[in-house]
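In what follows, a structure is listed as structure tokens, so that the remarks can point back to it.
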Amino acid sequence: MNCLEERILKDGIVKEGNVLKVDSFLNHQMDIDLFNKMSKEWKKRFEGKNITKILTIEASGIGIACVAAQYFGVPVVFAKKAKSINLEGEMYTAEVESFTHKNKNQVIVSKKFLNENDHVLLIDDFLANGCALLGLIQIVQAAGATVEGIGIAVEKGFQSGGRIIRNLGYQLESLAIVEEMDWQTGEIIFREQ
Ligand code: 5GP
């Protein structure tokens, strides 16, 4: 069991509706020592890849991406959630449905910060149905850049995102894959990796 899995068992809370709450260490209060360990693991798993940029999505991915960026020695760009629907021209845009908030957001990245020479590592805190990642992939493709890999902290393996992303052929490295969780008993079972 790795340190993220151990921490999830210790401090994660299973909520009704397939939501795992990890806000005491991952996406509200942030344990930077843990982020460093996670980042070292991604660095190892993506060894030999030519990565020029990390792309994440606001808000919860940003902290993790910034720590990871120190190991890859590259800038971080985060896709911003935008209200306006009229954002063509200077921006790459994608529509992303939020798993936790159940609403749709346009996410945008300025054309200044992503281009066809970029080799991108996508980083996010959670993978559920894959909407957030598919939006980021769409943005990378619109820029003519290359997705070199995807680093996720917690994948919920009982939802469809992991299968969709792996079937598309991407190297997806999730540090903890939750196979089952039960909000009534609080039990969490991880996939062996
Ligand atoms: P997806 O787009 O893959 O359905 O969901 C991924 C996004 O939803 C992540 O960026 C994350 O912020 C949020 N999310 C999905 N599932 C969970 C969960 O169980 N707990 C928390 N805290 N966030 C989640």
Side-chain angles (χ1 to χ4, degrees), residues 4-31 34-35 38-39 42 54-69 76-82 92-109 120-141 147 149-191:
L4 178 61
E5 292 170 330
E6 277 170 12
R7 191 61 179 273
I8 292 168
L9 290 186
K10 183 168 162 275
D11 293 326
I13 299 165
V14 184
K15 294 280 187 190
E16 204 175 350
N18 284 336
V19 172
L20 177 62
K21 217 163 178 243
V22 287
D23 60 353
S24 63
F25 59 96
L26 201 75
N27 55 18
H28 191 44
Q29 176 170 255
M30 297 184 284
D31 181 338
L34 177 67
F35 287 12
M38 289 160 48
S39 299
W42 279 321
I54 290 180
L55 177 65
T56 186
I57 184 164
E58 78 173 338
S60 334
I62 298 174
I64 302 170
C66 288
V67 175
V76 175
V77 176
F78 64 93
K80 293 188 175 201
K81 290 173 183 157
Y92 302 115
T93 69
E95 191 173 77
V96 170
E97 190 171 339
S98 164
F99 176 79
T100 34
H101 302 289
K102 309 286 177 218
N103 59 343
K104 285 188 180 176
N105 280 299
Q106 286 282 123
V107 296
I108 59 167
V109 170
V120 181
L121 175 63
L122 304 178
I123 294 276
D124 205 4
D125 59 340
F126 269 90
L127 172 57
N129 292 323
C131 277
L133 277 185
L134 290 170
L136 292 180
I137 290 168
Q138 198 182 318
I139 284 174
V140 173
Q141 286 174 341
V147 175
I150 302 170
I152 293 289
V154 189
E155 174 181 336
K156 291 185 290 179
F158 52 86
Q159 292 183 262
S160 58
R163 188 171 33 80
I164 293 168
I165 298 293
R166 289 189 181 90
N167 283 345
L168 288 170
Y170 295 108
Q171 183 184 350
L172 168 61
E173 299 291 349
S174 304
L175 302 182
I177 304 180
V178 177
E179 205 65 275
E180 286 173 48
M181 59 185 203
D182 185 331
W183 70 273
Q184 281 164 317
T185 61
E187 191 182 19
I188 300 171
I189 297 169
F190 295 107
R191 186 180 301 171

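We count ligands from 1, going down the list as the structure has it; atoms in each ligand are counted the same way.
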Can you pull the side chain to side chain donor-acceptor pair (under 3.5 Å) pairs that have at least one residue in residues 14-24, sequence neighbours excluded?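 Found Lys21-Asp23.
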Work out which heavy atom in Val96 is nearest to a heavy atom in Cys131; give both atom names and the distance.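 Taking Val96 first and Cys131 second, the nearest heavy atoms are CG2-O, 4.0 Å.
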Minimum heavy-atom distance Gly135-Ala94, with the two atoms named: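 That would be O-CB, 3.5 Å.
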Nitrogen or oxygen contacts under 3.5 Å, ligand 1 side and protein side:
{"from": "ligand 1", "atom 1": "2 (O)", "to": "Cys131", "atom 2": "N", "distance (Å)": "3.1"}
{"from": "ligand 1", "atom 1": "2 (O)", "to": "Ala132", "atom 2": "N", "distance (Å)": "2.8"}
{"from": "ligand 1", "atom 1": "3 (O)", "to": "Ala128", "atom 2": "N", "distance (Å)": "2.8"}
{"from": "ligand 1", "atom 1": "3 (O)", "to": "Asn129", "atom 2": "N", "distance (Å)": "3.2"}
{"from": "ligand 1", "atom 1": "3 (O)", "to": "Gly130", "atom 2": "N", "distance (Å)": "2.7"}
{"from": "ligand 1", "atom 1": "4 (O)", "to": "Asn129", "atom 2": "N", "distance (Å)": "2.8"}
{"from": "ligand 1", "atom 1": "10 (O)", "to": "Asp124", "atom 2": "OD2", "distance (Å)": "2.9"}
{"from": "ligand 1", "atom 1": "10 (O)", "to": "Asp125", "atom 2": "OD1", "distance (Å)": "3.4"}
{"from": "ligand 1", "atom 1": "12 (O)", "to": "Asp125", "atom 2": "OD1", "distance (Å)": "3.4"}
{"from": "ligand 1", "atom 1": "16 (N)", "to": "Lys156", "atom 2": "NZ", "distance (Å)": "2.8"}
{"from": "ligand 1", "atom 1": "19 (O)", "to": "Leu20", "atom 2": "N", "distance (Å)": "2.8"}
{"from": "ligand 1", "atom 1": "19 (O)", "to": "Lys156", "atom 2": "NZ", "distance (Å)": "2.8"}
{"from": "ligand 1", "atom 1": "20 (N)", "to": "Leu20", "atom 2": "O", "distance (Å)": "2.8"}
{"from": "ligand 1", "atom 1": "22 (N)", "to": "Leu20", "atom 2": "O", "distance (Å)": "3.4"}
{"from": "ligand 1", "atom 1": "22 (N)", "to": "Asn27", "atom 2": "ND2", "distance (Å)": "3.3"}

salt_bridge(Arg166, Glu155) N-O dist < 4.0 Å: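 Here Arg166 pairs with Glu155 in a salt bridge, since their nearest N and O are under 4.0 Å apart.
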For Asp125, salt bridge (Lys or Arg N to Asp or Glu O under 4.0 Å) partners two or more places apart: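 Listed in chain order: nothing, the list is empty.
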List the residues meeting side chain to side chain donor-acceptor pair (under 3.5 Å) with Glu95, not counting sequence neighbours, and say none if there are none.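 Partners of Glu95 under the side chain to side chain donor-acceptor pair (under 3.5 Å) test: none.
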